[in-house]
Trainee: 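Pasting in a structure now, in structure tokens, and then I'll have a few things to ask.
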Amino acid sequence: MEVHHHAHTSRKKWSHYFWEFLMLFLAVFCGFIAENQREHYIEHQREKQFMTTLIHDLQNDTSNFARSIRVFQFNVDKFDSLKNSIKAPKSEQDILSIYKVSTLIQNFSSFNYSDRTIEQLRSAGNFRLVRKSKVSDRLIEYDRYIRHTYLALENILENNSIKLMDMQHELVDYDAYDYVNSIKWASWQSTTIDSLPFELKLVTTDEKKLAQYYNAFGAYRNWCKRMVTHSNIAKKDATKLIELIREEYHFN
């Protein structure tokens with residue numbers, strides 16, 4: 001009777017299992033590191049893209065601020081040059097000055113906030129992508145100033161202009177106002193009472209209404225001056241933020 005002996009495979013040493021585990025661990029770990037590095041790379045690229053569009057937005061803002069400075073400073077200067085005539089109008093030339101001043105409320109500069117990048121960062125929770133704390137802190141501060149201070153002041157000025165327009169309905173004739181408003185300010189130096197195609201009159205000569213109008217326009221003038229001041233502040237802040245982004249992200 002034959003006896004069959006089963007072949008016995010030699011048991012693997014513990015070191016063999018150790019190296020198998022180590023190789024598997026290293027493979028998983030390296031895969032994790034590679035994936036993590038890839039995610040960081042993608043986030044860094046997105047961060048730079050956000051900063052690039054943010055610079056463009058801020059450049060648009062600075063252009064808007066510059067326009068607001070020109071417009072509102074113009075209103076201040078023109079009112080100051082004519083206020084003595086409109087405070088107590090006595091001559092036809094004084095009446096012409098009132099018509100000139102009345103057209104200034106049409107000279108308004110609405111600020112169009114270029115906040116597309118800031119809104120994208122806020123809505124998607126992507127402020128975390130901005131690794132540079134100096135940039136994120138300055139950006140949040142800038143955004144808060146524009147929304148809660150600058151735009152609030154502009155809204156006050158706009159409401160004042162609406163009130164002034166309502167007051168003007170009781171003072172100036174529409175047809176005459178429309179004609180005077182069509183004349184460019186550059187041509188006002190040569191515009192006189194005699195050069196107008198009609199006799200220029202006020203709807204009312206009530207001293208109380210004229211005094212109220214003068215005071216209301218003086219308040220409007222002061223709000224224009226505030227807008228000039230805050231436009232200068234905002235323009236400097238936007239310019240400094242652009243410089244900071246270029247410095248921190250090494251943009252040319």
Side-chain angles (χ1 to χ4, degrees), residues 50-83 86 97-122 135 137-168 177-178 180-189 213-246:
F50 276 128
M51 292 302 105
T52 299
T53 58
L54 180 58
I55 287 177
H56 292 158
D57 290 346
L58 291 168
Q59 288 172 336
N60 289 334
D61 284 350
T62 56
S63 297
N64 286 330
F65 291 135
R67 185 185 68 247
S68 294
I69 292 168
R70 290 194 302 271
V71 168
F72 294 126
Q73 186 61 54
F74 179 88
N75 289 349
V76 171
D77 294 340
K78 291 304 175 184
F79 175 81
D80 288 348
S81 67
L82 297 172
K83 68 178 183 178
I86 67 176
S97 295
I98 290 179
Y99 273 88
K100 287 181 180 181
V101 166
S102 68
T103 65
L104 288 176
I105 59 175
Q106 301 291 337
N107 193 39
F108 196 91
S109 176
S110 295
F111 178 67
N112 184 21
Y113 187 21
S114 299
D115 60 348
R116 56 171 182 166
T117 304
I118 293 177
E119 281 301 310
Q120 288 175 355
L121 289 170
R122 179 186 290 110
V135 173
D137 292 345
R138 187 78 65 83
L139 177 59
I140 292 171
E141 183 180 345
Y142 171 79
D143 180 62
R144 185 184 298 115
Y145 173 75
I146 296 301
R147 294 183 187 279
H148 298 292
T149 301
Y150 190 85
L151 292 177
L153 286 172
E154 184 184 278
N155 186 57
I156 292 173
L157 182 62
E158 187 172 7
N159 289 334
N160 270 263
S161 69
I162 294 173
K163 291 179 181 178
L164 269 177
M165 191 171 291
D166 290 338
M167 296 181 73
Q168 286 177 182
Y177 171 84
D178 190 52
V180 171
N181 192 44
S182 68
I183 302 175
K184 294 182 180 180
W185 273 94
S187 303
W188 273 119
Q189 296 292 340
Y213 177 71
Y214 175 80
N215 291 339
F217 217 113
Y220 179 76
R221 176 261 184 213
N222 291 342
W223 283 111
C224 284
K225 188 63 178 178
R226 288 190 183 185
M227 285 303 299
V228 172
T229 300
H230 284 276
S231 294
N232 274 308
I233 293 172
K235 184 172 179 285
K236 289 178 182 178
D237 288 345
T239 302
K240 288 180 180 179
L241 186 51
I242 291 173
E243 293 173 353
L244 179 63
I245 293 171
R246 284 176 171 163

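For clarity, every value in this text was computed on a predicted model and none was experimentally measured.
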Trainee: Does any non-hydrogen side-chain atom of D115 lie less than 4.5 Å from one of D57?
Mentor: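 In short, these two side chains do not touch, never coming nearer than 4.5 Å.
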
Trainee: I need the S63 OG to N112 CG distance, nearest 0.5 Å.
Mentor: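 Here the interatomic distance stands at 11.5 Å.
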
Trainee: Closest heavy-atom contact between F217 and V101?
Mentor: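 Looks like CZ-O, 3.2 Å.
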
Trainee: Have Y150 and S231 got a donor and an acceptor in their side chains that come within less than 3.5 Å?
Mentor: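 A donor-acceptor contact under 3.5 Å links the two side chains.
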
Trainee: Kindly indicate whether the side chain of Y220, heavy atoms from C-beta on, has any atom under 4.5 Å from the side chain of I105.
Mentor: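 When only atoms from C-beta onward are counted, I105 and Y220 do touch, with a gap below 4.5 Å.
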
Trainee: Hey, does the side chain of T149 reach the backbone of I146 with a donor-acceptor pair shorter than 3.5 angstrom?
Mentor: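 Looks like no, no N/O pair under 3.5 Å.
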
Trainee: Apply salt bridge (charged side-chain N to carboxylate O under 4.0 Å, His left out) to R138 and E141, showing your working.
Mentor: CA-CA 5 Å; R138 187 78 65 83; E141 183 180 345; 5.2 Å; no

Trainee: Taking all non-hydrogen atoms of both residues, which atom of R147 and which atom of D143 are closest, and how far apart?
Mentor: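 For R147 and D143, the tightest heavy-atom pair comes out as NE-OD1, 2.8 Å.
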
Trainee: Between the side chains of E243 and K236, is the shortest nitrogen-to-carboxylate-oxygen separation below 4.0 Å, so that they form an ion pair?
Mentor: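 Salt bridge absent between K236 and E243.
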
Trainee: Does any non-hydrogen side-chain atom of L54 lie less than 4.5 Å from one of F50?
Mentor: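 The answer is no, as the side chains (C-beta and beyond) never meet within the 4.5 Å cut-off.
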
Trainee: Looking at side-chain heavy atoms only, is the closest gap between Q106 and M165 below 4.5 Å?
Mentor: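 Counting from C-beta outward, Q106 and M165 do come under 4.5 Å.
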
Trainee: Using a 4.5 Å cut-off on heavy atoms from C-beta on, say whether the side chain of Y99 contacts that of Q168.
Mentor: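 No, side chains not in contact.
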
Trainee: Decide yes or no for F74 and S109: does some side-chain heavy atom of the first lie under 4.5 Å from some side-chain heavy atom of the second?
Mentor: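 No; the side chains remain at least 4.5 Å from each other.
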
Trainee: Taking the six-membered ring where the residue is Trp, are the ring centres of F65 and F111 under 6.0 Å apart?
Mentor: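 So the answer is yes for these two rings.
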
Trainee: Take N64 and Y113 through the test side-chain contact (heavy atoms from CB on, under 4.5 Å) and record every step on the way to the result.
Mentor: CA-CA 8 Å; N64 286 330; Y113 187 21; over 6 Å; no

Trainee: Quick check: do S114 and L58 have side-chain heavy atoms less than 4.5 Å from each other?
Mentor: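 S114 vs L58: side chains apart.
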
